[in-house]
Number of protein chains: 2
Amino acid sequence: MGAVKIQDLKQIEKVSKALGDKHRLNILLHLTKKGGCAACSEIIDIIDLAQPSISHHVKILTEAGLIEAEKEGRNLKYTLNNNILDDYINFLERLKND
Amino acid sequence: MGAVKIQDLKQIEKVSKALGDKHRLNILLHLTKKGGCAACSEIIDIIDLAQPSISHHVKILTEAGLIEAEKEGRNLKYTLNNNILDDYINFLERLKND
DNA sequence: TCGTTGTTTCGATAAGATTCAAGACAACAT
DNA sequence: ATGTTGTCTTGAATCTTATCGAAACAACGA
């Protein structure tokens, strides 16, 4: 039950913002459904946006630390980062008062 | 482990957006510190914004369901809504893949 | 080398969010 | 009634974010 530091708050804010868009939520849900990772080209199929827009959303998710990109042969593969989600959930738990 | 409905997603998006601002996070942290509730006039003291801005932020938190207002004598008192936080945390848990 | 495929960056526009001064309201005290 | 105190709403300025076409880049195959 430690105090919340300012740096943490910035990260919390960033993650919250990243989660505050339906397209980005759908990307994350798709990753979950696929067992945690998926290629970028798959995402284009499920989300009705132009490719640069998807790239933009993926970038925001990456910068928040929610997903990580790695090379899989020729293409990129995105993976959910459970650690960040855990940190975020911990913060929310501390927010509750019980 | 049920499927995520569209209505849920809208609520998740709303809560995420409400959490995606440092002033609103500070309001919530203050409520936590105060044991779950605080008067509006207190919030003005701890956040360096004009009164209408604070009213705006409080409204967004209220519309997301994160806090609830009730009359306490002459003044309003705001209370954290743990249920919404629990729902939100549950969604995030389902996002993880383990 | 030349094209093909997958992805990012740039530039411009459109849409949304934040902020505050000013005015409006509501409840209580004098 | 009149004034005071605490809060909300309106309207306008400013800032941020989302979107897409076009251009650029990077990696691979023919």
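Because only heavy atoms are used, hydrogens play no part in the values below, and waters and symmetry mates are left out as well, while side chains stay in. Chain letters run A, B, ... following the sequence lines, proteins first, then strands; residues in each count from 1.
- Among the atoms of the strands shown, only primed sugar atoms or phosphate atoms (P, OP1, OP2) are found under 4.0 Å from some heavy atom of A/S41.
- Note: A/H57 NE2 to A/N26 CG = 10.5 Å, rounded to the nearest 0.5 Å.
- When the P atom of C/dT8 is taken as reference, atom CD1 of A/I43 falls 10 Å away, rounded to whole Å.
- Counting non-hydrogen atoms under 4.0 angstrom, A/I44 reaches nothing in the nucleic acid.
- Residue-level contact check: B/H56 touches the bases, meaning some heavy atom is under 4.0 Å from a base atom.
- In the hydrophobic clustering of ILVMFWY residues, with side-chain heavy atoms under 4.5 Å counting as a link, A/L9 and B/L66 come out together.
- Residue contacts shown for A/I60 are limited to sugar-phosphate atoms, with no base heavy atom under 4.0 Å away.
- When rounded to the nearest whole Å, the span between NZ of B/K22 and P of C/dA17 equals 19 Å.
- A salt bridge between A/D86 and B/K96 is present, with a side-chain N of the basic residue lying under 4.0 Å from a carboxylate O of the acidic one.
- Mapping A/K17 and A/A50 onto DNA chain D by nearest heavy atom places A/K17 at the nucleotide closer to the 5' end.
- Following rounding to the nearest Å, B/E13 (CD) and C/dG16 (P) show an atom-to-atom distance of 11 Å.
- At a cut-off of 3.5 angstrom, the base of D/dC20 holds no donor-acceptor pair with the side chain of A/Q51.
- Here B/H57 lies in heavy-atom contact (under 4.0 Å) with sugar-phosphate atoms only.
- Rounded to whole Å, the distance from CG on B/D21 to P on D/dT17 is 11 Å.
- Atom C1' of nucleotide D/dT5 and atom CD of B/E42 are separated by 16 Å, given to the nearest angstrom.
- In this structure the side chain of A/K10 never reaches within 4.5 angstrom of the side chain of B/K22, judged on heavy atoms.
- Rounding to whole angstrom units, NE2 of residue A/H23 and C1' of C/dG16 are separated by 14 Å.
- When side chains are defined from C-beta on, A/I44 counts as touching A/Q51, because their heavy atoms get closer than 4.5 Å.
- Between A/L49 atom CG and C/dA15 atom C1' the separation is 14 Å, expressed in whole Å.
- Remark: A/S53 is not in phosphate contact with D/dT19, judged by side-chain N or O atoms under 4.0 Å from OP1 or OP2.
- Taking atom CG of A/L76 as the reference point, atom P of C/dT5 lies 18 Å away to the nearest angstrom.
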